[in-house]
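Notes for the one structure printed next.
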Amino acid sequence: MDVDVLSEWFDKSARDLPWRRDDCTAWGVLVSEIMLQQTPVARVEPIWHEWMARWPKPSSLAAASQGDVVRAWGKLGYPRRALRLHAAAAAIASTHDDVVPSDVDTLLALPGIGAYTARAVAAFAYGKRCPVVDTNVRRVVARSVHGAGDAGPPSTTRDMADVEVLLPPDDASAAKVSAALMELGAVICTARGPRCADCPVFATCAWQLAGRPAYNGPAKPVQRFAGTDRQVRGRLLDVLRDTTGPVTRPQLDLAWHDAPQRDRCLDSLLVDGLIEQTPDGLFTLPGEHPTAEQAR
DNA sequence: GAGACGTGGTC
DNA sequence: TGACCAAGTCT
């Protein structure tokens with residue numbers, strides 16, 4: 001893999017995403033990374049702008065109620081991310097002087113930040129040299145380096161080692177390569193219908209050289225959605241996002257026909273802290289009304 | 001390590 | 001239509 005060619009291509013062709021601009025703060029980068037987990041850029045962009053205008057610093061988000069945060073998360077999906085980001089913001093505000101940490105291990109200690117996000121923040125917000133491995137990068141490496149049709153099952157240790165050897169010695173160049181690997185996987189070396197004719201590293205791609213063999217590893221598990229608890233939880237939460245005040249149990253019951261499943265999902269949302277019950281038995285998004293405890 | 005966890009677009 | 005896919009994390 002010729003990473004110099006890749007970097008040149010990135011300079012010339014990268015999408016102009018707002019969290020990549022010079023004036024974007026580390027906080028902006030962190031918010032974008034959390035929102036982008038399993039969620040396409042097109043859906044993230046408008047919400048990210050709203051968040052940056054409304055909560056420009058970790059402490060501003062930390063000062064908001066959980067309910068406001070969950071509502072502002074909208075339909076990005078996996079709303080527990082919103083709660084975790086809120087908690088991370090509170091930790092950053094209280095113990096890191098409102099400054100997003102630049103150290104990978106410190107980032108890893110924050111809720112909702114795992115191996116990918118910690119390194120993405122270190123690299124993209126602080127220009128550090130550290131392997132950033134997401135699904136795009138794994139696919140790019142599988143093809144261009146290993147000559148496989150697609151990446152096999154993830155292995156954090158092996159995947160990071162694969163990327164580590166590709167990174168130039170200096171921080172700035174390495175950070176750019178990290179961004180370029182992701183960009184390549186997102187727009188050229190895509191899962192379906194890769195645009196190899198437009199690929200900057202076509203000439204040295206091991207997959208091309210091997211005659212583009214089909215992926216022969218284990219099939220990736222397919223996630224069902226229709227009829228699952230995930231769908232039911234989404235429906236339940238949707239009722240609360242769309243209303244300002246507390247709702248009654250019968251109102252929530254309209255969201256799903258299967259009572260046992262509905263009850264189980266409501267329970268799990270209460271456990272997750274995505275929904276709260278008021279002292280008088282109504283349901284709300286969290287932190288918007290006094291709980292029985294706070295009412296004393 | 002497998003499975004849970006939202007949502008919507010594409011082919 | 002339904003399977004597959006999208007910058008993962010947590011248990």
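Just so you know, these numbers use all the heavy atoms, side chains as well, and skip hydrogens, waters and symmetry mates.
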Worksheet item: Can a salt bridge be assigned to the pair Arg20(A) and Glu183(A) using a cut-off of 4.0 Å between side-chain N and carboxylate O?
Response: yes
Worksheet, complete the sentence: Whole-Å distance, Ile47(A) CD1 to dG6(B) C1', equals 14 Å
Worksheet entry | Separation of the C1' atoms in dT11(C) and dT7(B), to the nearest angstrom | 23 Å
Worksheet item: Salt bridge or not for Arg233(A) and Asp267(A), using N-O below 4.0 Å?
Response: no
Fill in: Separation of dC5(B) C1' from Asp267(A) CG (nearest whole Å)
17 Å
Discussion item. Across nucleotides 2-11 of chain C, 5' to 3', mark each nucleotide with B, S or - according to how protein heavy atoms within less than 4.0 Å reach it.
Written reply: -SBSBBBSS-
Worksheet entry | Integer-rounded Å distance: dG6(B) P and Leu83(A) CG | 11 Å
Discussion item. If I take atom CG in residue Leu237(A) and atom P in nucleotide dC5(B), what distance separates them, rounded to the nearest angstrom?
Written reply: 13 Å
Fill in: Between C1' of dT10(B) and CZ of Phe225(A), the distance in whole Å
17 Å
Fill in: Pairwise C1' distance for dG1(B) and dC10(C), with rounding to whole Å
13 Å
Practice prompt. Could you measure between the two P atoms, the one in dG2(C) and the one in dC5(B), and give it in whole Å?
Written response: 22 Å
Fill in: Nearest non-hydrogen partners of Glu276(A) and Gly287(A), listed with the distance
OE1-N, 3.1 Å
Fill in: For the student: nearest non-hydrogen atoms of Cys130(A) and Ser178(A), plus distance
O-OG, 3.7 Å
Practice prompt. If a pair satisfies salt bridge (Lys or Arg N to Asp or Glu O under 4.0 Å) and one of its residues is in residues 218-232 of chain A, list it, with sequence neighbours excluded.
Written response: Asp150(A)-Lys220(A), Asp229(A)-Arg264(A)
Item to complete: Could you measure between the two P atoms, the one in dT9(C) and the one in dG8(B), and give it in whole Å?
Response: 23 Å
Discussion item. Taking any heavy-atom pair under 4.0 Å as a contact, classify Pro79(A): base, sugar-phosphate, or nothing.
Written reply: sugar-phosphate
Worksheet item: If you measure from the C1' atom in dC11(B) to the same atom in dA7(C), how many Å do you get, rounded?
Response: 23 Å
Worksheet item: Over how many whole Å does the gap from Leu274(A) atom CG to dG6(B) atom C1' extend?
Response: 11 Å
Fill in: Trp27(A) and Trp55(A) aromatic centres sub-6.0 Å
no
Worksheet entry | Pairwise C1' distance for dC4(C) and dG6(B), with rounding to whole Å | 16 Å
Item to complete: Round to the nearest Å and state the distance from Leu76(A) atom CG to dT7(B) atom P.
Response: 10 Å
Fill in: Atom of Arg212(A), atom of Cys196(A) and distance for their closest heavy-atom approach
NH1-SG, 3.3 Å
Item to complete: Please figure out whether Arg241(A) or Pro221(A) has its closest DNA chain B nucleotide nearer the 5' end.
Response: Pro221(A)
Practice prompt. Using a heavy-atom cut-off of under 4.0 Å over every strand shown, decide if Asp272(A) touches base, sugar-phosphate, or nothing.
Written response: nothing
